[in-house]
Amino acid sequence: MSDTITRLNAALEGFASPEHRVGFAASIGFVLSLILVAGAEGQEAPREDGQWTMPAKDYAATRYSGLGEITPANAARLRPVWTFSTGVLGGHEGQPLVVNNTMYVVTPYPNVLYAFDLTEEGYPLHWKYRPDVNPFALGIACCDAVNRGPAYADGKVVYNLLDGHTVAVDAITGREVWKTKIAELSIGETVTMAPLIIGDRVIVGPSGGEFGIQGWVKALDLETGRILWTGYNAGPDSQVLANPDTFRPFYDEGTELGLTTWAGDTWKLAGVPVWGWISYDPDLDLLYYGTGNAAPYNPEQRLGDNKWAASVMARRPADGALVWAYQFTPHENWDYDANAEMILADLTIEGARRRVLVHFDKNGFAYTIDRATGEVLVAEPFVEVNWARGIDPATGVPQVDSTKLTGASKGNVENICPSLEGGTSPASPASYSPRTGLFYVSTNNFCMSWEASEAAYIVGTPYIGASIPYTPGADGHLGAFIAWDAVRGRKVWEIREKYPVWSGSVVTAGDVVFYGTLDGWFRAADARSGELLYRFKVGSGVVGAPISYTGPDGKQYVAVYAGIGGDWFLVAGDVRSDDPADVRPPADFMPDLARHTSQGGILWIFALD
């Protein structure tokens, strides 16, 4: 390495003019940074084509862009270069796609798909696709009528509709290629997640954990939309697709674990939805996803560990066969969904190179897991946690504080941290830089009380049974954006925010990380130090995930949605002005968010001036 640096310095001195030296230095600086990182991390960054074709950028769900034009040295020169109103007020979660100089945008209900031509001035529409979506879905969707975005493959843009359909649209013409019913609206199933396309399989799952569904994941044929297989997340092995000859969980033994860990037939109303993100390891041929809460919220009505609620599942995409599973929160008491992303990376743990999966759970613990076997390698809290003292390294089981257990017989259980909104929300996907070796996470800092009650099941209605007020966490802030070392299980830096941080993030080869805030700021920070580099007020709270791409002019761009929604539309107070009847009081723990934001639906694009 030292010889390489000496030769590069000699070449630099050979340039006559300072201007040429600066240009050459910028070029070799980028190369050197890649060499140094390869030496330190031993992991090559994925090839960068300047596009964004799947929800989390790549199969590993890193949300890492290999573009490096924007750096800490010039990020202050960022400027908005284009905006577009989607015409929809609602939570704009997810992210756009950029494929072949076309940007694809999916709105919240009614799930309109826009295709913008990035080669022409003003980015005019190629086309707009308006699906037929059952408005009855609005009354079923749990937590706002959001959509977490599309995926692209084989000339098709594929995404889910709130009313339980998946559609494929021709990326050139905007013509509907196929439409498949995947969920049953009448029993409380809606669909908000972003699909992942693996070869000729489109992987999808439902929302509806609060309605007592029996959660599942399905694979559709990319060419025809035909359902190829369905794997349930609770129930008998035949439904879970857990073959005793091939299913090998690291910590559990026996068969019918998705059945025997539920009292009686409560597994039939298990909840356990799949509304988050999916990743895939092509070498191991395993897809990974997290499962949601168990139903109802009164855990005394479903005794047992309740597998596989609040778990990570590893399946074969060809036939759905379950290879291993690990439960983050057994007998899930606190609505600690595990739907957050599973980021795949190769890290050195205790001197050995390991293929790992890194997951930031609602329960407040960050997990580094061997993605071939399900063994927990590191598990440490990344926010304030008091429901458990830690994770037992021998068993992978949380060491639960029994005074924080909930149930109708326990009355009002106070001061449980984190709240059911989670240490991070699965709606706020983290990012990972192979250059820094760090993970970038949006976090929340508040706690809750939990008073459970007996819940009655009525088909297609909420099956909950709990009253759950929130209280602010310690230190006077409700959220933070942090950098996390998944090898050592420790926080490296944090940027504290007044409100919960609900956006996703993108980190780039320029060592800049981007995220947004509920009060409507879009921010850029130094990925190594956490120094804030740039901010811009985008008009509505950010609950979407930014992306970065190369435009037709060769420049680096960053795009993000502004449009507060999700749970925060429900608790922020007066943020909706188009409905004079909807003037609700704000939540006690966050009384003034509506002073800083209102609902919106805006796509912003930024670049250097």
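Listed for the Thr443 side chain is a donor-acceptor partner under 3.5 Å among the backbone atoms of Ala480. Panel note: side chain Tyr440, backbone Ala527; a donor-acceptor pair is recorded below 3.5 Å. A donor-acceptor contact shorter than 3.5 Å links the side chain of Trp178 to the backbone of Leu222. Using a distance-only test at 3.5 Å, with no hydrogens or angles considered, no donor-acceptor pair links the side chain of Asn111 to the main chain of Asn147. Remark: side-chain polar atoms of Glu497 are not paired, donor with acceptor, to backbone N or O of Gly479 under 3.5 angstrom. A donor-acceptor pair is defined here as one N or O able to donate and one able to accept, closer than 3.5 Å; such a pair exists between the side chain of Asp553 and the backbone of Lys555. The main-chain N or O of Ala60 is never found under 3.5 Å from a side-chain atom of Tyr432 such that the two would form a donor-acceptor pair. In this structure, the side chain of Asp117 does not engage the main chain of Tyr123 through any donor-acceptor pair within 3.5 Å. Between the side chain of Asn74 and the backbone N or O of Glu69 there is at least one donor-acceptor pair closer than 3.5 Å. A distance-only check finds a donor-acceptor pair linking the side chain of Asn339 to the backbone of Gly290 [under 3.5 Å].
Between the side chains of Ser505 and Ser431, at least one donor-acceptor pair of N or O atoms lies under 3.5 Å. Side-chain contact, Tyr470 with Asn444: no donor N or O sits under 3.5 Å from an acceptor N or O.
One finds no salt bridge joining Glu176 and Lys179 here, because no Lys/Arg side-chain nitrogen approaches an Asp/Glu carboxylate oxygen to under 4.0 Å. Remark: Lys181 does not engage Glu189 in a salt bridge, criterion side-chain N to carboxylate O under 4.0 Å. Asp346 has a carboxylate O that lies under 4.0 Å from a charged side-chain N of Arg371, or vice versa, which qualifies the two as a salt bridge. A salt bridge between Glu421 and Lys362 is absent, with no side-chain N of the basic residue lying under 4.0 Å from a carboxylate O of the acidic one. Salt bridge Arg355/Asp283: absent, no basic N to carboxylate O contact under 4.0 Å. Under the 4.0 Å criterion applied to side-chain N and carboxylate O atoms, Arg47 and Asp58 are not assigned as salt-bridge partners. By the 4.0 Å N-to-carboxylate-O rule, Asp511 lies close enough to Arg435 to be salt-bridged with it.
With Trp52 as the aromatic partner, Arg63 does not meet the cation-pi criteria of under 6.0 angstrom to the ring centre and within 45 degrees of the ring axis.
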*Verdict with reasoning, Arg148 to Thr192, per side chain to side chain donor-acceptor pair (under 3.5 Å)*: CA-CA 6 Å; Arg148 297 189 177 91; Thr192 60; 2.7 Å; yes
*asked:* side chain to side chain donor-acceptor pair (under 3.5 Å) for Thr550 and Gln556? Distances and angles first, verdict last.
replied: CA-CA 5 Å; Thr550 301; Gln556 180 181 359; over 6 Å; no
*Kindly determine whether Tyr288 and Arg315 satisfy side chain to side chain donor-acceptor pair (under 3.5 Å), including the steps that lead there.*
CA-CA 7 Å; Tyr288 307 92; Arg315 294 185 183 270; over 6 Å; no
*Do Asp49 and Tyr549 pass the side chain to side chain donor-acceptor pair (under 3.5 Å) test, and can you show the C-alpha distance, the side-chain angles, and the key distance before you say yes or no?*
CA-CA 9 Å; Asp49 63 4; Tyr549 67 94; over 6 Å; no
*asked:* For Ile203 and Ile198: C-alpha separation, side-chain torsions, deciding distance, then whether side-chain contact (heavy atoms from CB on, under 4.5 Å) applies.
replied: CA-CA 8 Å; Ile203 310 300; Ile198 303 172; 4.1 Å; yes
*Working for side-chain contact (heavy atoms from CB on, under 4.5 Å), residues Val169 and Arg175*: CA-CA 6 Å; Val169 179; Arg175 178 183 61 86; over 6 Å; no
*Under the side-chain contact (heavy atoms from CB on, under 4.5 Å) criterion, do Leu438 and Ser433 qualify, and how do the steps go?*
CA-CA 6 Å; Leu438 300 177; Ser433 170; 5.9 Å; no
*After noting the C-alpha distance and the side-chain angles of Val501 and Thr517, does the key distance pass the side-chain contact (heavy atoms from CB on, under 4.5 Å) rule?*
CA-CA 6 Å; Val501 185; Thr517 68; 5.5 Å; no
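Under the side-chain contact (heavy atoms from CB on, under 4.5 Å) criterion, Pro72 pairs with Val512, Asp526, Leu533, not counting sequence neighbours. Residues meeting the ring-ring contact (aromatic ring centres under 6.0 Å, His included) test with His359, sequence neighbours left out: Phe328.
Among residue pairs with one or both ends in residues 597-609, those qualifying as side-chain hydrogen bond (donor to acceptor under 3.5 Å, both in side chains) are Arg77-Asp609; sequence neighbours excluded.
Classified by interplanar angle (parallel below 30°, tilted 30° to 60°, perpendicular above 60°), the ring pair Phe481/Trp493 is tilted. Between Phe84 and Phe116, the ring-plane angle classifies as perpendicular under the 30° and 60° cut-offs.
Counting only heavy atoms from C-beta outward, the side chains of Leu532 and Ile495 approach each other to under 4.5 Å.
You'll find the ring centres of Phe606 and Tyr557 outside the 6.0 Å limit. Aromatic rings from Tyr534 and Phe522 are positioned such that their centres are separated by 6.0 Å or more.
The two residues Pro418 and Tyr336 come nearest to each other via the heavy atoms O-OH, 2.6 Å. Minimum interatomic distance between Asn160 and Ala194 (heavy atoms only, all atoms of both residues): ND2-C, 4.4 Å.
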